[in-house]
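To start, the structure itself, in structure tokens.
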Amino acid sequence: MSKSIAIDIEALGKRYRLGETVDLARNFRETLMGLPRYFKHKAARATKRLAQQISGAAEAGAAARRDEFWALQDINLQIAEGEVIGIIGRNGAGKSTLLKILSRITPPTTGRAQITGRLSSLLEVGTGFHPELTGRENIFLNGAILGMRKAEITRKFDEIVAFAETEKFLDTPVKRYSSGMRVRLAFAVAAHLEPEILVIDEVIAVGDFDFQIKCIRRMQHLANEGRTVLFVSHNMGVLRHFCRTGVVLVQGRVAFVGPIEDAVDRYVSSAHADHHEDIDLTAHPNRLPGAKPVFTKMRTLVEGRPGTITSMGGPIDFEVDYESPRPLRGFRIGVIIRDLNEQVIVNFSPSHQCPDKLNEAPAKGTIRCHIPAFNLMAGTYRVEIGCADNDGELDRIPDVSEMTIIEKDVFGTGRIPNQHHGIIYLPSQWSTSWETAWTPCRL
Amino acid sequence: MNQELHTTTIEPPRGLLNLNWTELWHYRELLWFLSWRDIKIKYKQTLLGFLWAIIVPLVNMVIFGTIFGGVAGIEAYGLNSYLSYLAVLVPWHYFANSLTMSSQSMVQNSEMLTKIYFPRLFSPMSALISNLVDLVIGIGILLVAMAVFGVLPAATAIFLPLWILIVMLTALGTGLFFSALNVRYRDVRHMIPFLVQIWMYVTVLFPFGKILARWGMKGYICAINPMVGAVEGFRWLLMHNAMTNPATAQPFSQVLLLNAIGAPVLVTMLLVGLYYFKRTERVFADIV
């Protein structure tokens, strides 16, 4: 029997009007104040269109449509039943938009998608949890919101509770739960959905180590049962592990569909290709309010080339340009790497290694931080930069950029350490008492 | 792996109302769960809990009965003014609470709306259903109060559900409209208390008999507010056998006429509310 199509996507597109999402007026006054601008804008558009008709210039049309933004454009995909597919792309490539359309949270602007079977999405676990309700009540409420029938929830209730390991607190309001318990309960409900199609967006990394393993097993179990799974993750290791097929999205379009290995390679090279430029920091949206804008530009070099994606253990350089009205006495700078759960992984600062290096910094300059081996596990990390001088804190930009580390056989054994073995890996030497001459294991 | 596989087609939205009845039916359990949640959390962490559903109408009854009935001397169809005011305040409170809650519902549930799909109509609708608990309590108090004042409920009281439905539909039409408007403009939150207050005065303050006596037939203009017909009907159905003085008793034809005038307005409100809600529904997740 030939496999039937679970998801059939034809020429799907989603357009956002700038201003509709970003600075939509939230009260009448603003709308009223905005009206003259709106009409002026309309008039300008009409004039442009008229000019276009007269001169016949195609360029003018493009200019008139500059306030529109296509998050997705001309997506054509056919996903067979039982396929486990990974969706790869940089932030803003349209992954979330695609998942949102498929889970009917937002409608498409063009095209269509046909879905055969029940689709459940785990866009974020714990959706609809109410802090005032007890664990028991929340299991029912959350299950119903995720699309389960009451009878189904009742049937799986004990299983869910056992999975979440929260038996003792079933009749306690969820607001008294620790965040770990809450996440476990939420994931337990979601993991017991049995839809034909499952959409997963970065929910694997929840809870502590043991629970994460449990989650992965559960997901694998669901996938092995012949369910169609759409998986979005920044963790190439998890994607490789889980998926057979990969779809690479670049700027709202499908750039590649094929075996997951090739898709990951394609993603890495495309990321290199479109990441030449420096990050402009003069007006960075994530700058901490109240910070003095001292940083002007930043570059990340991976293995000597500009980029933000690299293999495990590769060398990385952070280069930061700064400019200040006066020379900076006692200048200090720091680069902080966090994981997606905001956990600080490592902090690079000259303050420990060479405390006096930046003491007499000129008003303008460039500082480079070279890390010979970036020994983090595969995954996505957030980069934060900050600086201070003798007068106190100057500039700080949390989430200035993102780093993606890809799996690599760093020990040459085919055994790759991953996030379940910790946050970082360090080469270590091993020897035993029963070997002659304490021969160390290779490094 | 499953028996019949349901096919969903996702397309750019078109059409004016496109209500998907099968889908609403399919998700019906969720409507119940959302209502149940609203009931559960309404009086959580309050000292008096459900007593509030008793206190509010009683206090209002005392205020209205004393000030407007006693001091201002407004009396309705020869009824005890406390009783007469309580009879209209009970359905009114249901309406006011439902409208206030449903107009907030979309914004309050925004976290869910941006992450999970379910029929969005259920969000404001659950407010209407959960408030029914308070309405039932209110009717209970009304019956007790009637017993205290020695008034037996009329047999016509069995038609009360029909008038409750009128109240519900009025709340639904306005609730849908304002819940959608609230997604765009948070001004709605500040506006609703005003609106409810003004609406209350034009609905419950003067019994229609007084208006008719003062303005004559022109008084029927006030029936374009569907809530007038609703509360007048509510009172009549329960208490018309206590309107013993034929000179002041309210004829049923008057109640019917009030509702007949209100009905087309009610239908229009429902359609406008539903239309605006469905139209905004498409972009909820993008603008909320």
Side-chain angles (χ1 to χ4, degrees), chain A residues 4 6 9 12-13 16 20-21 24-31 81-82 100-124 127-134 137-138 140-141 143-151 173 194 196 225-227, chain B residues 1-14 23 26-46 107-120 122 181-191 281-288:
Chain A
S4 52
I9 303 173
L12 201 70
Y16 286 107
E20 199 169 70
T21 51
L24 180 99
R26 282 286 162 84
N27 62 50
F28 290 127
R29 198 174 58 88
E30 281 174 48
T31 312
E81 195 190 306
K100 276 188 173 175
I101 290 174
L102 291 181
S103 33
R104 293 199 286 167
I105 289 160
T106 187
T109 313
T110 61
R112 65 203 284 268
Q114 200 145 30
I115 292 170
T116 308
R118 190 164 79 159
L119 180 144
S120 289
S121 61
L122 309 184
L123 288 193
E124 217 164 289
T127 304
F129 259 43
H130 200 286
E132 296 283 357
L133 297 179
T134 66
E137 292 165 343
N138 266 311
F140 278 94
L141 178 65
I145 288 169
L146 292 173
M148 276 197 248
R149 289 294 171 91
K150 189 167 179 247
E194 285 183 346
E196 283 80 40
E225 277 183 332
R227 250 168 271 272
Chain B
M1 99 188 71
N2 231 330
Q3 339 76 19
E4 24 76 68
L5 285 183
H6 180 70
T7 303
T8 317
T9 306
I10 299 168
E11 273 176 317
R14 55 176 71 96
E23 184 188 82
H26 179 81
Y27 274 91
R28 65 191 180 279
E29 276 188 358
L30 181 60
L31 178 60
W32 160 244
F33 270 113
L34 290 174
S35 312
W36 166 83
R37 178 196 67 172
D38 288 345
I39 294 167
K40 278 256 168 187
I41 61 182
K42 190 165 184 189
Y43 296 112
K44 278 262 163 115
Q45 212 156 6
T46 59
V107 171
Q108 250 156 21
N109 287 328
S110 62
E111 188 232 349
M112 252 161 69
L113 294 170
T114 52
K115 284 176 190 138
I116 297 282
Y117 176 79
F118 61 91
R120 271 57 169 118
F122 284 0
L181 194 65
N182 200 13
V183 171
R184 274 183 200 275
Y185 304 105
R186 299 294 146 82
D187 307 68
V188 169
R189 194 182 48 204
H190 306 284
M191 214 169 77
E281 182 184 60
R282 303 164 185 172
V283 288
F284 272 150
D286 299 330
I287 61 175
V288 71

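It should be emphasised that the depicted structure is a prediction, and the values quoted were computed from it without experimental measurement. Reminder, nothing fancy here: chain letters follow the sequence lines and each chain counts from 1.
- With rounding to the nearest 0.5 Å, the separation of CD in E111(B) from NE2 in H130(A) is 10.5 Å.
- For I145(A) against I116(B), the heavy-atom pair with the smallest separation is O-CG2, 3.3 Å.
- The contact between W36(B) and chain A is made entirely by side chain atoms (from C-beta outward), counting heavy-atom distances below 4.5 Å.
- Distance CD1/I105(A) to CZ/R120(B): 6.5 Å, rounded to 0.5 Å.
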Let me see the working for Q114(A) and E11(B) under side chain to side chain contact (heavy atoms under 4.5 Å, CB included), right down to the final yes or no. CA-CA 9 Å; Q114(A) 200 145 30; E11(B) 273 176 317; over 6 Å; no
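- When heavy atoms are compared at a cutoff of 4.5 Å, I101(A) approaches chain B by way of both its backbone and its side chain.
- Atom-to-atom distance recorded for L146(A):CG and L30(B):CG is 10.0 Å, nearest 0.5 angstrom.
- For T109(A), the part lying near chain B is the backbone, with the side chain staying farther off; criterion is any non-hydrogen pair under 4.5 Å.
- Rounded to the nearest 0.5 angstrom, R149(A) CZ and E29(B) CD are separated by 5.5 Å.
- Under the side chain to side chain contact (heavy atoms under 4.5 Å, CB included) criterion, T110(A) pairs with W70(A), sequence neighbours left out.
- Taking each heavy atom of P108(A) and P13(B) in turn, the nearest pair found is O-CD, 4.0 Å.
- Annotation: maximal heavy-atom pairing with chain A below 4.5 Å, among I10(B), T9(B), T7(B), occurs at I10(B).
- Shortest non-hydrogen contact noted between T106(A) and R282(B) is OG1-O, 4.4 Å.
- With rounding to the nearest 0.5 angstrom, the CG atom of L141(A) is 9.0 Å from the CD1 atom of I41(B).
- Taking CD of E23(B) as the start and CZ of R104(A) as the end, the distance is 5.0 Å to the nearest 0.5 Å.
- When the side-chain hydrogen bond (donor to acceptor under 3.5 Å, both in side chains) test is applied to Y27(B), no partner is found at least two apart in sequence or on another chain.
- When the candidates I9(A), N138(A), T116(A) are compared by the number of heavy-atom contacts under 4.5 Å with chain B, T116(A) comes out ahead.
- When each of P173(A), A113(A), S120(A) is checked for heavy-atom pairs under 4.5 Å with chain B, A113(A) comes out on top.
- Contact record, F33(B) with A144(A): CD1-CB, 3.2 Å, taken as the closest heavy-atom pair.
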